[in-house]
Amino acid sequence: MDNIAGRKPALGWAVNISVILIVALWIFPTLGLLVSSFRTADQISSSGWWKAFFPTEQTDRYRTADPDEARVAEGDLYVVEGRIFEADQGIELSSWGTSARDVSAYAPGDTADLGDDGQITVEADGSYRWSGTDEQVSGRGERIFATALIPPEFTLRNYDNMLFGGTSDSITKAFFNTVTVTIPATIIPILFAAFAAYALAWMNFPGRAILIAAIVALLVVPLQLALIPLLKLHLSIGIGKGYLGVWLAHTGFGLPLAIYLLRNYMAGLPRDIIENARVDGATDFQIFVRIILPLSFPALASFAIFQFLWTWNDLLVAIVFLVDSSGDTTVMTRHIVELLGTRGGNWEVLATAAFVSMAVPLAVFFFMQRYLVRGLLAGSVK
Amino acid sequence: MHPAIQAVLTVGIAVIAAIGYFYLSNLLLDRVLFPARGKNAGRNINRANMIRPWIFLFPALFALGLYLAYPVIETIRLSLTDRVPGGYEWAGVDNYVQMTGDPKFWEALRNNFFWLLVVPGLSTLFGLIIAQLTDRLKWGSVAKSIIFMPMAISFVGASVIFKLVYDYRPAGEEQIGILNAVYLALGGSEPQAWLTIPGLNSFLLMVVLIWIQTGFAMVILSAALRGIPEETIEAAIVDGANPFQIFFKIKVPQIMPTIMVVWTTITILVLKIFDIVFAMTNGQWGTQVLANYMYDKLFRSNDWGVGSASAMVIMLLVLPILIWNVRQARKEMR
């Protein structure tokens, strides 16, 4: 087919290149945040993430060791020797200076005159020698502004801080809260929906067509309408804001899709199997449990993945039905929105938190893409 | 007890309760109420079979009624009442009048309209183009996976991702947002605080949703493209059609119903869009949308009347699609 499809080789190249460009465009934003989550706060704010893979020229302010402790007498003068950074870091100085006005006044190895007998020398590897009179070499250490090529460096410290740091930024608690919301919110709708889907697919009763139409209609009812009435209901029957409420809400909101997906799938199962079982005297309950349920596994898996992704990523339902002012029940999406407000410029915190929250859905996505695609194809109203 | 343990316990209880309910209710129906024995055996079997569907349906219908149908009616009622100390007071259309007098509401409605115009169209278009381009590509499935990936990312996560893209630092500082870096590299005079520029900022928020939804459109449309009968394409090639003609005149018309499905699905999502605006601008700088306006009214101003009224506006906008969907579904059932 390829060779007769009227394709010219030039067109093939154009297709390849444009797909590469599109893929790059799509992956770039995520990649930026991922790379940032492995950089220190200083690195993130001093250069764009796309420069993280190359050595960067960076000017930093250092101070020599405290003269009162480190100085050594040498004839009339006092000397302080040391390093502004460790030799094993592989950093090489390109220029340095002693004043903020001219940070690259000297080349490595030059000696700067500090007036009278005072002088300082900084070598390319970061070692310095500062000498001067008793009066000069005292008080605070001498300032050195050093410009150097810093090799690319990545760190896991952000993840360590966010997961095990125990600070108020830590996302560990929110992670477990999200898990707590997700498990029942994924499984309970399936229990309700599977039986209903079987009835709608394989049982004959008056009103069936109308019920199916009603399910299709409920599929698109905006859940915004449900917020206040349900919160009111939960408060009046004593559930209040809490896990039970959010589980019930997710169950209700997930049901139309669950019933719709499962009914479509079950209705497509071969009629012979079910008729034969009926003839053999199986009850509907037996047919459902022994035949329909095992055969419907792909549809159950599809819905479970959908519902899982939806409840894991949900913000609105959680903040309305679960999260209260105590903050003990905050979920990850809510936590990140809060961080966006309070730590807006701290990308090492934000990027790491976002990736912790995305790790599980992305893993589910890549391992179970097949079911996800199948569910999407079955779930869109044709 | 940690809530996570509570969650697992709840799942266990729910599973046992569900199985118990269905098993016992069937048992009750077959053995006690209408036993298939004695002189009325035949009549009893028929009666049991008339009731059984409702046993299977009851829990789901109850939950649907309580969690989706009842709220619609309650929201209509709330939108026509005012909350007063100790109860509710009939307010007629006062809430709607108050809402339409609020410039923020019109801003939200206008923005939603632009979202509707831009996002479903562009997502579907990009999805279609990518589906066609990757169709015969050797590494097409890898490319599709990557473009599909944002579907797994939460709107909040995507907002963080794009906030970094749009990040702004004052002129003279090193720009860490790639948009500003590119803008300056292309000769822009000074870095822009993108999310505060009215008009443009709404569009930049739409980009986030397009980025997420293109994968969805692509997956569905790519399956539809594969379902096109080969003969129609072969016939077009024999007649001398070029690849563009094949795409626009042979393939697109055949998958038009699927394109409509994708378009309406994304349209519904756009009408309800909340998280992205809430996380990125919270409706400031002229980016308000209906769902966030409603959230503001309900939970910040505590004005349930106007909040419910704006929820009704969302419902009204969804209604045409709802009716269309139900019609399509009934047509298919026949």
Side-chain angles (χ1 to χ4, degrees), chain A residues 6 15 19 22-23 26-27 29-30 32-33 46-48 176 179-180 183-184 187-188 191-193 195-196 198-199 203 205 213 216-218 220-222 224-226 228-230 243 251-252 255 284-285 309 313 315-316 333 336-337 340 350 354 357-358 361-362 365 373 376-377 380-382, chain B residues 3-4 7 10-11 14 18 22 26 52-53 56-57 59-60 63-64 67-68 71-72 74-75 130 133-134 137 143 146-147 152-154 156-157 160-162 164-165 174 176 181 219-220 223 237 243 261 265 268 272 274-275 279 291 294 298 304 311 314-315 318 321-322 325-326 328-330:
Chain A
V15 167
V19 174
I22 294 170
V23 167
W26 243 255
I27 196 96
T30 321
L33 201 70
S46 65
S47 65
F176 284 107
V179 172
T180 308
I183 300 169
I187 295 173
I188 297 174
L191 299 175
F192 284 76
F195 284 93
Y198 172 72
M203 288 169 144
F205 57 92
V216 173
L218 290 178
V220 297
V221 167
Q224 269 87 358
L225 265 78
I228 282 294
L230 290 182
Y243 285 111
T251 300
L255 266 181
D284 275 312
F285 187 75
L309 288 179
N313 290 337
L315 170 69
L316 184 57
T333 45
I336 291 170
V337 170
L340 272 175
L350 286 170
S357 83
M358 289 187 306
L362 284 178
F365 172 83
V373 170
L376 269 187
L377 292 176
S380 47
V381 184
K382 282 184 215 105
Chain B
T10 311
V11 169
F22 288 109
N26 273 284
R52 199 181 325 275
F56 275 61
L57 284 167
L64 279 178
Y67 275 82
L68 285 169
V72 174
E74 179 70 3
T75 302
I130 296 169
L133 287 180
T134 53
L137 223 53
I146 290 172
I147 290 166
I153 295 174
S154 62
V156 173
V160 176
I161 289 176
F162 274 84
L164 180 60
V165 172
E174 184 88 7
I176 64 166
V219 163
I220 299 209
I237 294 168
V261 167
T265 309
I268 291 167
K272 299 187 285 189
F274 166 75
D275 309 29
M294 191 208 79
L298 286 182
W304 288 10
I314 300 177
M315 182 70 211
V318 171
I321 296 171
L322 187 150
N325 272 357
V326 169
Q328 292 299 109
R330 300 205 68 160

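Side-chain atoms are counted along with the backbone in the values below, which use heavy atoms only and exclude waters and symmetry mates. Just so it is clear: chains get the letters A, B, ... in the order the sequence lines come, proteins before strands, and each one is counted from 1.
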Which portion of B:V165 sits near chain A, non-hydrogen atoms under 4.5 angstrom: side chain
Nearest-0.5 Å distance, NZ of residue B:K272 to CG of residue A:L225: 10.5 Å
Most chain A-contacting option - heavy-atom pairs closer than 4.5 Å, from B:T75, B:L298, B:V11, B:I161: B:I161
Among the listed options B:I147, B:T134, B:I268, the residue most often paired with chain A at heavy-atom distances under 4.5 Å: B:I147
Residue, of B:V219, B:L164, B:L322, B:I146, that accumulates the most heavy atom pairs under 4.5 Å with chain A: B:L164
Interface residue of largest heavy-atom contact number with chain B, from A:I183, A:L316, A:I27, A:V221, under 4.5 Å: A:L316
Parallel, tilted or perpendicular, as decided by the 30° and 60° cut-offs, for the rings of B:F22 and A:F195: parallel
Least distance between heavy atoms, A:G252 atom then B:Y67 atom: CA-CB, 3.8 Å
Options A:P184, A:A213, A:A354, ranked by heavy-atom pairs under 4.5 Å with chain B, top entry: A:P184
Which atom of B:I314 lies closest to which atom of A:P222, heavy atoms considered: CG2-CG, 3.8 Å
Selection from A:L255, A:L362, A:I228, A:I22 maximising heavy-atom pairs under 4.5 Å formed with chain B: A:I228
Heavy-atom pair count under 4.5 Å with chain B, highest-scoring of A:V337, A:V19, A:I187, A:V373: A:V19
Heavy-atom contact with chain A under 4.5 Å, split by part of B:V318: side chain
Non-hydrogen atoms of B:A152 and A:P361 that approach each other most closely: O-CB, 3.3 Å
Selection from A:L350, A:L309, A:L340 maximising heavy-atom pairs under 4.5 Å formed with chain B: A:L340
Where A:F205 and A:A199 come nearest, the two heavy atoms and their spacing: CE2-O, 3.6 Å
Closest-packed option against chain A by number of heavy-atom pairs under 4.5 Å, given B:A18, B:P59, B:G157: B:P59
Contact origin within B:M315 toward chain A - heavy atom pairs under 4.5 Å: both
Options A:I188, A:T30, A:I336, ranked by heavy-atom pairs under 4.5 Å with chain B, top entry: A:T30
Most contacts with chain A, counted as non-hydrogen pairs under 4.5 angstrom, among B:A14, B:A223, B:P53, B:A143: B:P53
Derivation and outcome, side-chain contact (heavy atoms from CB on, under 4.5 Å), residues B:V261 and B:I220: CA-CA 9 Å; B:V261 167; B:I220 299 209; 5.7 Å; no
Which portion of A:T251 sits near chain B, non-hydrogen atoms under 4.5 angstrom: neither
Under 4.5 Å from a heavy atom of chain B, the part of A:V179 involved: neither
Residue pair B:P71 / A:P229: nearest heavy atoms and the distance that separates them: O-CG, 3.7 Å
A:L315 vs B:F274 side-chain heavy atoms within contact, under 4.5 Å: yes
Spacing of B:D275 atom CG and A:T333 atom OG1 [to the nearest 0.5 Å]: 7.5 Å
